[in-house]
Structure formats: structure tokens, C-alpha cells
Amino acid sequence: MDFSLTAPFLGQPIWMWLTFIGLVGLLLAFDLGVLHRGDKEIGVKESLLLSGFYIVLGLAFGAFVWINVGAQAGVEYLTGFVVEKSLAVDNIFVIAMIFGALAIPRAYQHRVLFWGILGVIVLRAIMIGFGATLVAEYGWLLYVFAAFLIFTGIKMLFASDHEPDLENNRLLKFMRRRFRITPRLEGHRFVVVQPHPNSGKPVLWLTPLFLALVLIEIADVIFAVDSVPAIFAITTDAYVIYTSNIFAILGLRALYFALAAILHRFAYLKQALAVLLVFIGSKVFVADLLGWTKFPAEWSLGITFVILASGIAYSLWRTRRPDKPVLPAAE
């Protein structure tokens with residue numbers, strides 16, 4: 001069989017996939033090899049600049065999709081990018097809690113997030129590839145995804161805001177019970193070789209940095225259970241789904257350092273995300289009831305912006321007075 005760059009793979013030509021993979025590879029190499037060769041604390045200004053750079057790059061890639069796939073795909077890419085970026089903000093709450101519970105210094109947090117992003121790229125590829133195959137074979141799964149999103153959104157809307165107790169996390173307890181964990185950080189290393197306390201023989205130890213990496217990867221898998229069905233409810237094009245997901249996540253590290261100190265200002269974003277999930281799930285059924293082939297992509301994008309902008313604006317308005325706390329104290 002002749003190999004051709006124009007041959008289709010998961011709905012799009014191979015050259016488009018190679019372009020995306022090459023760009024992501026260059027970005028990751030530039031990030032770790034040039035911008036952050038040493039361990040340093042990332043300031044808010046640098047974080048905002050990097051976050052802005054990744055957002056512009058993600059939008060530029062959306063223009064690339066628009067030109068090469070079509071206007072419909074371009075709008076769907078932008079909608080998926082915005083939805084995934086918004087859900088990533090909710091993920092930042094969990095990341096901040098993990099770093100705080102394990103006492104990870106800000107100078108090492110970028111390293112954990114960088115390797116976490118690599119894991120996310122692989123895990124999302126598996127989940128999206130598997131999901132795309134199933135949806136192509138069993139179209140009715142879209143309705144299952146849609147119903148799941150509605151259920152998740154309603155559950156999120158009425159869920160309590162109490163922080164989970166990480167010290168009682170089952171995975172963390174299991175790892176501490178089954179593996180050798182160093183009592184303190186060993187620089188930026190995830191694993192070290194140190195003498196066994198009984199035999200004195202050199203053995204492999206995990207560090208708290210490795211525990212943080214594992215917990216962040218698990219947290220992303222949990223969040224992907226919401227975000228992956230959400231974008232399948234927007235489009236079934238595997239290329240649009242995967243590229244919008246990855247470009248939204250690539251800027252997560254920079255976004256984390258920009259927002260970690262002001263997360264309290266987004267007190268009502270979770271409720272906005274809950275409404276957004278309900279809307280994304282509902283539009284699949286609405287399109288069927290109205291006899292549409294698909295819910296108009298422009299409407300979907302516009303309503304998504306309105307929901308998120310309302311949640312952000314209301315949060316900023318309610319938290320403008322620091323002497324009036326909004327959220328109940330965590331127990």
C-alpha cells in the first residue's frame with residue numbers, strides 16, 4: 001500500500017496530524033529546554049504572558065482548522081477550546097490543593113505540571129480515539145454522553161463546596177503503604193536511589209514530587225470523564241476534538257500560576273460550568289426534537305460565551321469586597 005500524506009487518518013489527512021504533532025513537540029521542547037531549563041518560581045507577569053501566548057496559539061490553530069477543514073469545523077474547534085479551557089480552570093482548584101497538601105514549592109511545580117501535560121496528551125489520545133471509534137460504530141452513544149453531561153451538570157450545581165481531605169485519599173494511602181516514599185523532597189527528582197533503612201542496600205525511593213504527579217494525572221482522568229463527552233456532544237470529528245483539547249491543556253501550566261493566587265475570585269465559576277454542561281448535553285436532544293441535523297455551531301459558541309462570561313462577571317462582582325466571604329469555610 002502506498003504511503004501518502006494526503007491519505008485520511010481518523011477523518012483528516014495524515015499531513016494535518018503530523019503538523020499538529022510537530023507543533024506540539026516543538027512547543028514542549030521550547031518550554032522545558034529553553035524557557036524553564038532550571039528550577040525557578042514562575043511569577044504572575046511571566047505566567048500571564050505565557051498564558052496569553054498559548055491562548056493566541058490555540059486560536060491561530062483554530063484558524064488553521066477553519067481554512068483546511070471548513071467554517072463549521074473551525075467554529076466547533078473554538079467551542080471545544082473554550083469549553084475545555086473553562087473546565088481546566090476548575091482543575092486548577094484541585095492542582096492547587098494537591099501542591100498545598102504535599103508542600104510542593106512553587107519552584108518545582110512547573111516541572112510536575114510539564115510531565116503531567118505529557119501524560120495528559122497520551123491519555124486524552126487514548127480516550128478520544130476509543131470514544132471516536134465507539135461513536136462511529138454506535139451512534140446512539142452520543143445520547144448516552146449527552147444524558148451523562150446533563151446529570152453531571154445538575155449534580156455539580158447542587159454539590160457542596162467543601163474541599164476533599166487529601167490525607168484520607170485512598171490512592172495516596174495506598175502508595176504510602178506499598179512504596180518507599182522519601183520523607184522530604186529530593187530537589188526536582190521524582191525518584192532517587194538511597195540505602196534501605198534495614199539492609200543498607202541501595203534501593204529505589206519515590207519522592208513527594210512523584211506523588212503529586214500521580215495525583216494530578218488521576219485528577220485529569222477524572223476531569224476528562226466530563227470534558228471528553230462534552231466535546232463529543234459538540235462535534236464527532238476526532239481531529240477537532242483532540243487538537244482543541246490539547247491546545248487548551250497546553251496552557252494549563254501558565255494559567256495555573258496566573259490564577260492560583262486569585263482562585264477565590266472565581267467563586268461562582270463552578271455553577272457556570274454546571275449550567276454549561278447541562279446546555280451542551282441538552283442541545284443534542286433539542287436538535288432532534290426540532291428536526292435539525294445538528295445544533296447550529298454558531299449558536300452553541302455564542303451561548304457558551306454568554307454562560308461563562310456571566311459566571312465570571314458574577315463571581316468578580318460578588319468577591320469584590322474581601323471583607324465579605326462568599327464561600328463557606330472548608331471543614
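None of these values were measured; they are calculated from a predicted model. By convention here, the first residue in the shown sequence is residue 1.
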Trainee: Establish, from distance only, whether the side-chain atoms of Gln12 and Asp237 form a donor-acceptor pair under 3.5 Å.
Mentor: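 On atom types as modelled, these side chains qualify, holding a pair under 3.5 Å.
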Trainee: Could you tell me whether the side chain of Glu186 reaches within less than 4.5 Å of the side chain of Arg184, counting heavy atoms only?
Mentor: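 Of all side-chain heavy-atom pairs linking Glu186 with Arg184, at least one is under 4.5 Å.
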Trainee: Taking atom CD1 of Ile218 and atom CD1 of Ile98, what is their separation to the nearest 0.5 Å?
Mentor: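 Ile218 CD1 to Ile98 CD1: 10.0 Å, rounded to 0.5 Å.
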Trainee: Please check if the side chain of Lys201 supplies one atom and the backbone of Gln194 the other of a donor-acceptor pair under 3.5 Å.
Mentor: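 Answer holds: no.
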Trainee: Shared ILVMFWY cluster between Ile126 and Val228, side chains joined below 4.5 angstrom?
Mentor: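 No: no chain of side-chain contacts under 4.5 Å links Ile126 to Val228.
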Trainee: If the condition is ring pair (Phe, Tyr, Trp, His ring centres under 6.0 Å), which residues does Trp17 pass it with, not counting sequence neighbours?
Mentor: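 Trp17: ring pair (Phe, Tyr, Trp, His ring centres under 6.0 Å) contacts with Phe9, Tyr239.
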Trainee: Say you draw a straight line from CZ of Arg189 to CZ of Arg111; how long is it, rounded to the nearest 0.5 Å?
Mentor: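 So the gap between those two atoms works out to 10.5 Å.
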Trainee: Verify the cluster assignment for Ile303 and Val306: are they in a single hydrophobic cluster under the rule of side-chain heavy atoms below 4.5 Å apart?
Mentor: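 Cluster IDs for Ile303 and Val306 differ.
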Trainee: Once rounded to the nearest 0.5 Å, what's the spacing between atom CZ of Arg176 and atom CG of Leu171?
Mentor: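 Output value for this atom pair is 10.5 Å.
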Trainee: For Met175 and Val214, run side chain to side chain contact (heavy atoms under 4.5 Å, CB included): C-alpha distance rounded to whole Å, both residues' side-chain angles, the deciding distance at 0.1 Å, then the answer.
Mentor: CA-CA 10 Å; Met175 293 187 68; Val214 171; 3.8 Å; yes
Trainee: Judged by atom type as modelled, is there a donor-acceptor pair below 3.5 Å linking the side chain of Ser51 to the main-chain atoms of Ser47?
Mentor: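 Checked: no pair found.
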Trainee: Would a single hydrophobic cluster contain both Phe266 and Phe305, if residues Ile, Leu, Val, Met, Phe, Trp and Tyr are joined by side-chain heavy-atom contacts under 4.5 Å?
Mentor: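 Phe305 and Phe266: one cluster.
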Trainee: Taking the six-membered ring for Trp and the single ring otherwise, decide whether the centroids of Phe64 and Phe20 are under 6.0 Å apart.
Mentor: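 Ring centres of Phe20 and Phe64 not closer than 6.0 Å.
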Trainee: Does Val94 reach the side chain of Ile216, with side-chain heavy atoms less than 4.5 Å apart?
Mentor: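 With C-beta onward as the side chain, the pair stays apart.
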Trainee: When Ile, Leu, Val, Met, Phe, Trp and Tyr are grouped by side-chain heavy atoms lying under 4.5 Å apart, directly or through other members, which residues fall in the same group as Leu289?
Mentor: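 The other cluster members (ILVMFWY side chains, heavy atoms under 4.5 Å, direct or chained): none.
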Trainee: Are the side chains of Ser4 and Ile14 in touch, meaning some heavy atoms are under 4.5 Å apart?
Mentor: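 When only atoms from C-beta onward are counted, Ile14 and Ser4 do not touch, as no gap falls below 4.5 Å.
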Trainee: Which of these, Tyr54, Phe53, Phe61, sits in a ring-ring contact (aromatic ring centres under 6.0 Å, His included) with Phe247?
Mentor: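 Testing Phe247 for a ring-ring contact (aromatic ring centres under 6.0 Å, His included) against Tyr54, Phe53, Phe61 leaves exactly one candidate, Phe61.
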Trainee: Please say whether more than 12 non-hydrogen atoms of neighbouring residues, nucleotides or ligands are located less than 6.0 Å from CZ in Arg177.
Mentor: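 Yes, because the 6.0 Å sphere around CZ of Arg177 holds more than 12 heavy atoms from other groups.
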Trainee: Between Ala272 and Ile307, which heavy-atom pair has the shortest distance, and what is it?
Mentor: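 Closest approach of Ala272 to Ile307, heavy atoms only: O-CG2, 3.3 Å.
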Trainee: If we only count heavy atoms from C-beta on, is the Ile234 to Ile280 side-chain gap below 4.5 Å?
Mentor: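 A side-chain contact under 4.5 Å exists here.
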Trainee: I would like to know whether Ile150 and Leu277 meet side chain to side chain contact (heavy atoms under 4.5 Å, CB included); could you show each step before the answer?
Mentor: CA-CA 6 Å; Ile150 295 171; Leu277 291 179; over 6 Å; no
Trainee: Give the other cluster members for Val225, using side-chain heavy-atom distances under 4.5 Å between Ile, Leu, Val, Met, Phe, Trp and Tyr residues; answer none if it is isolated.
Mentor: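 Besides Val225, the hydrophobic cluster comprises Phe148, listed by chain and residue number.
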Trainee: What's the shortest heavy-atom distance between Leu185 and Pro105, and which atoms?
Mentor: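 It is CD1-CD, 3.2 Å.
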Trainee: Can you check whether Phe99 reaches Val112 side chain to side chain, under 4.5 Å on heavy atoms?
Mentor: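 Counting from C-beta outward, Phe99 and Val112 do come under 4.5 Å.
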Trainee: So, using side-chain contact (heavy atoms from CB on, under 4.5 Å) as the criterion, who are the partners of Leu204 when residues are at least two apart?
Mentor: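 Checked Leu204 against side-chain contact (heavy atoms from CB on, under 4.5 Å); matches are Val191, Val193.
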Trainee: Applying a strict under-4.5 Å side-chain criterion to I, L, V, M, F, W and Y, I'd like to know whether Leu87 and Phe223 cluster together.
Mentor: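 Result: yes, single cluster for both.
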Trainee: Please go through Leu49's hydrophobic cluster and name the other residues, only I, L, V, M, F, W, Y counting, with side-chain heavy atoms under 4.5 Å joining them.
Mentor: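 Via sub-4.5 Å side-chain contacts, Leu49 links to none.
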Trainee: Gly153 and Ala274: which non-hydrogen atoms are nearest, and at how many Å?
Mentor: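 Closest pair (atom of Gly153, atom of Ala274, distance): O-CB, 3.2 Å.
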Trainee: Hey, is the main chain of Ile121 close enough, under 3.5 Å, to the side chain of Tyr242 for a donor-acceptor pair?
Mentor: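 Side chain of Tyr242 to backbone of Ile121, a donor-acceptor pair under 3.5 Å: yes, one is there.
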Trainee: With sequence neighbours left out, what residues match Trp292 under side-chain contact (heavy atoms from CB on, under 4.5 Å)?
Mentor: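 Result, side-chain contact (heavy atoms from CB on, under 4.5 Å) vs Trp292: Ala287, Leu290, Phe295, Pro296, Trp299.
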Trainee: To the nearest 0.5 Å, tell me how far Ile95 CD1 sits from Ile104 CD1.
Mentor: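 So the gap between those two atoms works out to 13.0 Å.
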Trainee: Would you sort out whether Val278 and Leu149 count as a side chain to side chain contact (heavy atoms under 4.5 Å, CB included), showing the intermediate values?
Mentor: CA-CA 6 Å; Val278 172; Leu149 289 174; over 6 Å; no
Trainee: Return each pair, listed once, that meets salt bridge (Lys or Arg N to Asp or Glu O under 4.0 Å) where at least one residue sits in residues 285-305; pairs must be two or more places apart or across chains.
Mentor: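 Those involving residues 285-305 are Glu76-Lys294.
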Trainee: Hey, are the side chains of Leu213 and Leu209 touching, using non-hydrogen atoms and a 4.5 Å cut-off?
Mentor: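 A side-chain contact under 4.5 Å is absent here.
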Trainee: Mind checking what makes salt bridge (charged side-chain N to carboxylate O under 4.0 Å, His left out) contact with Lys155, not counting sequence neighbours?
Mentor: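 Result, salt bridge (charged side-chain N to carboxylate O under 4.0 Å, His left out) vs Lys155: none returned.
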Trainee: If we check side-chain contact (heavy atoms from CB on, under 4.5 Å) with Ser244, which of these qualifies: Val65, Ile249, Ile231, Thr235?
Mentor: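 Result: among Val65, Ile249, Ile231, Thr235, Ile231 is the only option passing the side-chain contact (heavy atoms from CB on, under 4.5 Å) with Ser244.
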Trainee: What pair of heavy atoms forms the shortest contact from Phe232 to Thr236, and how long is it?
Mentor: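 That closest heavy-atom pairing would be O-CG2, 4.1 Å.
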Trainee: Applying side-chain contact (heavy atoms from CB on, under 4.5 Å), can you list everything that pairs with Ala96, at least two apart in sequence or on another chain?
Mentor: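 Expected list: Tyr256, Leu263.
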Trainee: Could you give the side-chain donor-acceptor pairs of residues 77-86 under 3.5 Å, partners two or more places apart or in another chain?
Mentor:
from: Tyr77; atom 1: OH; to: Gly58; atom 2: O; distance (Å): 2.7
from: Thr79; atom 1: OG1; to: Val75; atom 2: O; distance (Å): 2.9
from: Glu84; atom 1: OE1; to: Ser227; atom 2: OG; distance (Å): 3.3
from: Glu84; atom 1: OE2; to: Arg124; atom 2: NH1; distance (Å): 3.4
from: Lys85; atom 1: NZ; to: Ala248; atom 2: O; distance (Å): 3.1
from: Ser86; atom 1: OG; to: Val82; atom 2: O; distance (Å): 2.7

Trainee: Could you tell me the separation between the CD1 atom of Ile117 and the CG atom of Leu27, rounded to the nearest 0.5 Å?
Mentor: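 Atom-to-atom, Ile117:CD1 and Leu27:CG are 12.0 Å apart.
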Trainee: Quick one: does Leu215's side chain get under 4.5 Å of Leu102's, heavy atoms only?
Mentor: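 A side-chain contact exists here, since the closest heavy-atom pair is under 4.5 Å.
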Trainee: Which pairs, with at least one residue in residues 130-144 and sequence neighbours excluded, count as a salt bridge (Lys or Arg N to Asp or Glu O under 4.0 Å)?
Mentor: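 Those involving residues 130-144 do not exist here.
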Trainee: Could you check Ile312 against Tyr268 for side chain to side chain contact (heavy atoms under 4.5 Å, CB included), going step by step and ending with a plain yes or no?
Mentor: CA-CA 7 Å; Ile312 293 171; Tyr268 291 92; over 6 Å; no
Trainee: For the atom pair CG (Leu134) and CG (Leu142), what is the distance rounded to the nearest 0.5 Å?
Mentor: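 That separation rounds to 11.0 Å.
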Trainee: For a quick test of reading the model, state the closest non-hydrogen atom pair linking Thr182 to Pro208 and the distance between them.
Mentor: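 Closest approach of Thr182 to Pro208, heavy atoms only: OG1-CD, 3.3 Å.
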Trainee: Of all heavy-atom pairs between Ala146 and Gly281, which one has the smallest distance, and what is that distance?
Mentor: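 Here Ala146 and Gly281 meet closest at CB-O, 3.3 Å.
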Trainee: Could you list the residues that satisfy ring pair (Phe, Tyr, Trp, His ring centres under 6.0 Å) with Phe285, not counting sequence neighbours?
Mentor: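 For Phe285 the ring pair (Phe, Tyr, Trp, His ring centres under 6.0 Å) partners, ignoring immediate neighbours, are Tyr143.
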Trainee: If Ile, Leu, Val, Met, Phe, Trp and Tyr residues are connected whenever their side-chain heavy atoms lie under 4.5 Å apart, and connections chain through other members, are Leu57 and Ile67 in the same group?
Mentor: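 No, because Leu57 and Ile67 fall into different hydrophobic clusters, even though each may have its own neighbours under 4.5 Å.
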Trainee: Between Leu123 and Glu217, is there a side-chain heavy-atom distance shorter than 4.5 Å?
Mentor: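 Touching, per the 4.5 Å side-chain cut-off.
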Trainee: Is the side chain of Thr207 donor-acceptor paired with the backbone N or O of Phe190 at a distance under 3.5 Å, no angle test?
Mentor: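 Yes: the side chain of Thr207 pairs with the backbone of Phe190.
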